[in-house]
Each structure stands twice: as structure tokens, then as C-alpha cells.
Amino acid sequence: MPEHSGILEEMAEGKAVFWKNGGKPPAREVLGRLPIGMADVLEAEARLNRFAPFIRSVFPETGEGLIESPLVFVPAAKAALEKAYGKPIPGSLWVKADSELPVAGSIKARGGIHEVLKVAERIALEAGLVQEGSDYSCLALPKAREVFSRKEIAVGSTGNLGMSIGIMASALGFRATVTMSRDAKAWKKALLRARGVTVVEVESDYSEAVAEGRRKCEADPDCHFVDDERSIDLFMGYAVAALRLKRQLEEAGVTVDESHPLSVTLPCGVGGAPGGITFGLKSVFGDAVKCWFVEPVQACCMTLALVRGTPEVSVKDLGLHGLTEADGLAVGVPSALVWGLVKDLVDGAFTLEDDELFRLLAILWDSERRKAEPSAASALMGPIVTGGTPQTNHVAWLTGGLFLPEGIFEQMLSRGRELLGK
Ligand SMILES: Cc1ncc(COP(=O)(O)O)c(C=O)c1O
């Protein structure tokens with residue numbers, strides 16, 4: 001893969017590229033200049049903790065009421081990747097399995113749920129349903145549901161953010177409306193409708209679905225629009241994952257420092273989830289953590305923004321059609337907010353062709369029996385592309401897959417195995 005020279009031409013031809021953020025300042029310096037900080041992440045974490053009793057009562061599958069996924073050591077996947085790509089992976093490989101995240105089944109859960117809970121908390125405090133220090137499990141009672149039912153929460157999404165917002169908003173009793181882009185999969189729409197969520201389908205791309213949802217909500221004072229392109233509350237919810245990963249690494253006995261780098265690959269759509277996690281991880285580990293974004297060749301909007309040094313870009317500028325099987329990453333224009341926050345933090349970005357998504361999905365299943373959706377499987381390319389040392393701990397962030405219907409997964413698996421010549 002080329003690094004810098006002619007990278008935009010390669011991208012315009014739909015080729016996979018790898019870009020390194022050379023010469024960026026130290027993370028501590030960059031973080032010191034940002035208008036947000038660790039205190040904001042801790043506040044979001046505290047909010048999620050306050051709601052744990054409510055979540056436990058409504059979603060018993062979460063155990064203690066914390067929506068979290070396992071960190072798993074995957075030596076068999078590492079060996080299978082090395083074999084398939086004919087390249088050794090220096091260091092160890094782990095997956096962060098948001099593909100098994102309870103309740104919403106994807107990386108978008110922490111941010112989406114955090115924002116819904118923040119809205120619910122404000123309303124509950126104003127209505128006197130809770131006070132500081134209350135046990136929030138009372139918010140599952142009919143009295144609270146009646147209060148929430150007077151309000152609407154809306155969002156525009158390619159699918160997974162819609163699932164996290166729709167599922168949590170309807171669990172609280174809010175009216176929930178999700179405007180879904182042409183990329184959203186039929187099964188995701190059906191799942192939401194089955195939960196009482198209003199799904200509006202638009203035949204346009206993700207950015208237009210967000211604009212449409214925003215427009216509809218704007219006129220209504222009882223409607224809160226979760227803005228995937230502009231929300232700091234989403235961003236902070238995602239960032240909480242960094243604190244939880246830190247604890248999981250400690251429990252697993254993994255050291256993270258300059259000579260034992262952590263190298264994390266994050267699938268990127270509009271940028272919020274990978275951006276929030278990068279911000280959180282850099283705040284926790286400084287430059288001992290490397291963060292890489294991965295995007296489909298046709299939806300390489302954040303890579304394009306990083307290479308060009310401006311968020312005012314669209315994949316259309318490169319003549320790309322923007323269609324990809326990675327529905328969660330099917331975004332043509334990046335979040336300007338997120339670009340501004342992470343452009344000097346992220347270590348680099350790379351792109352891959354759609355066929356690769358299916359190869360990786362099949363490699364993961366056949367080696368580890370773990371299910372990931374195509375968007376999520378892209379993360380497994382990180383250790384192949386980004387390199388490292390024998391002391392590197394690679395983390396491929398598997399961003400979604402829990403609700404993938406069996407029949408659809410089987411088809412994807414067959415496609416991946418065929419591509420691998422199996
Ligand atoms: C499975 C999956 N992975 C990654 C992402 C990327 O998140 P973001 O759009 O915030 O960059 C998404 C977004 O919906 C997703 O659904």
C-alpha cells in the first residue's frame with residue numbers, strides 16, 4: 001500500500017491506502033489545548049453508573065447494569081491472519097468484542113445510550129422523579145414512563161446508532177423516531193419496528209438522512225435530536241470505553257507503556273465512536289497507545305479529511321459512489337466536530353476493499369467462532385497494515401454483530417470463505 005505520495009489519486013481509483021499522521025505533536029500537548037478533558041469523560045461514566053440500577057431492571061442480561069463487552073485474547077485469529085496475508089504480526093492480538101455488547105449490539109451503544117440517559121436524567125430531575133443520590137431503578141415505573149412519553153427522541157442513522165437510541169429511548173417510554181439512510185439493512189429496521197420505534201426510510205445517503213431527521217425535529221420543542229455529526233454527549237459516551245478498556249487490560253495483566261505499546265484499530269464512519277475512544281485512550285495512555293481508523297475504500301471520508309487537512313470534504317470530491325457492504329461505515333462526509341478533536345491525536349488511517357471485510361469475517365469465525373458484522377471485521381486488518389514490535393498488544397475493535405440474523409451471517413461467511421479459496 002502506498003503511504004503518502006499520490007495517495008489522493010489512489011483513493012480516487014478506489015484503491016486501499018495507508019496514511020500515517022507523521023509529525024503530530026505529543027498527545028499530552030494536543031489534549032491540553034482541547035476544550036474537553038478527562039473530567040468530561042468521568043462525568044459521562046458517573047452518569048452511566050447512576051443509571052446502572054435502571055438498566056439492570058430493564059435489561060437483566062447486563063448483570064450489574066453496565067453495558068460492556070469482553071476483551072478477548074485471540075491467538076488463533078492472529079495465526080489465521082498471518083497465514084491468510086502471508087505476513088507475521090509482531091506482538092499479540094486481542095479483540096474488544098463490542099460485537100457482543102448487550103442491549104444494542106454495537107460500539108454506538110455507549111454514546112447513544114449516554115445521550116438518551118442524559119436527556120432522561122434532565123427531564124426526571126425537572127419533574128421531581130429523582131433527586132441527587134436517588135436509586136434510578138424508579139425510572140422504570142409507569143409514573144416515569146408517562147412523563148417520558150410526552151417527549152420524543154429522534155436520530156438519523158445508517159442502522160446501529162438508530163438501534164442504540166431506539167432501544168434505550170423506547171425502554172424509558174420516550175417516543176422514538178429513527179430516520180434511516182438507504183444503506184440501513186432491512187433486518188435492523190424490522191428489529192426497531194418490533195420494539196415500537198418509528199422508522200422513517202429515506203432513499204438518500206447517511207448525511208441526508210441526518211439532515212432530514214434534524215429538520216423534522218427542529219420545529220418541535222418536545223423533540224430531542226441526537227446529532228451524530230455534532231454531538232459532544234455522544235462523543236463522551238464513546239470515550240468512557242477507554243476507562244473500561246484500561247481496567248480490562250489491568251485485569252488481563254497487560255502493561256501499556258512506551259516500550260509496550262497498545263495499537264488499537266477502530267472502524268470509522270462519521271468518526272464519533274472511533275474519535276471518542278481515541279480521545280479517551282490518549283487521555284489515559286498518552287502516546288503509549290496508537291489509534292488507527294479503518295474505512296471502506298468507497299466511504300473513506302475521515303481518511304480524506306485527515307490527508308487533506310480539512311473536514312470540508314466528501315467522497316464525492318474523489319468521484320466515489322460511497323456504497324459499501326459495511327453499512328455502519330457508509331458515510332461520505334465526516335463529522336467536522338470530531339475531525340477537529342482528533343486530527344492531531346490519531347496515529348493514522350487506512351482503507352480496505354469490501355471483499356476484505358468478508359475475508360476477515362470468515363477468518364474470525366473459522367479461527368475463534370466469533371461473529372462480527374462486515375463493518376466490524378475491518379478492524380482485524382489493523383495488525384497486518386499498521387505493524388508494531390514484539391511487545392505490541394494489538395486490539396481490533398469489533399464494533400458490531402450481536403443481532404446479525406443467522407441466515408444473513410451464513411451468507412456472509414460463505415462469501416468470505418469463497419474469497420479465501422476455501
Ligand atoms: C458496526 C459499526 N462500526 C463502526 C461504526 C463507526 O462509528 P462512527 O460512525 O461514529 O464513526 C459504526 C457506526 O454506525 C458501526 O455501526
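Atoms within a ligand are numbered from 1 in the order they appear, just like the ligands themselves. Quick caveat: nothing in here was measured; it's all calculated off a predicted structure. We use all heavy atoms of the structure for the numbers below, so side chains are in, but hydrogens, waters and symmetry mates are not.
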Between Glu212 and Thr179, is the side-chain hydrogen bond (donor to acceptor under 3.5 Å, both in side chains) condition met? List the steps.
CA-CA 8 Å; Glu212 177 66 14; Thr179 303; over 6 Å; no
Test side chain to side chain contact (heavy atoms under 4.5 Å, CB included), reference Val289, set Leu245, Asp347, Leu281, output is Leu281
Can we say Glu45 and Arg247 salt-bridge, meaning some charged N sits less than 4.0 Å from an Asp/Glu carboxylate O?
yes
Residues 327-338 side chain polar contacts: donor-acceptor under 3.5 Å, at least two apart:
from   : atom 1 : to     : atom 2 : distance (Å)
Asp327 : OD2    : Lys188 : NZ     : 2.8
Ser335 : OG     : Glu229 : O      : 2.8
Ser335 : OG     : Leu337 : N      : 3.4
Ser335 : OG     : Val338 : N      : 3.0

Checking Leu34 now: which residues fulfil side-chain contact (heavy atoms from CB on, under 4.5 Å) with it, not counting sequence neighbours?
Leu31, Ile36, Phe279, Leu341, Leu345
Restricting to pairs with a member in residues 213-258, which pass disulfide (SG to SG under 2.5 Å), not counting sequence neighbours?
Cys217-Cys223
Between the protein and ligand 1, are there any N or O atom pairs that come within less than 3.5 Å of each other, and if so, what are their names and distances?
from     : atom 1 : to     : atom 2 : distance (Å)
ligand 1 : 3 (N)  : Thr399 : OG1    : 2.7
ligand 1 : 9 (O)  : Val270 : N      : 3.0
ligand 1 : 10 (O) : Lys108 : NZ     : 2.6
ligand 1 : 10 (O) : Gly272 : N      : 3.2
ligand 1 : 10 (O) : Ala273 : N      : 2.8
ligand 1 : 11 (O) : Gly269 : N      : 2.7
ligand 1 : 11 (O) : Val270 : N      : 3.3
ligand 1 : 11 (O) : Gly271 : N      : 2.7
ligand 1 : 14 (O) : Gly328 : O      : 3.4
ligand 1 : 16 (O) : Asn160 : ND2    : 2.7

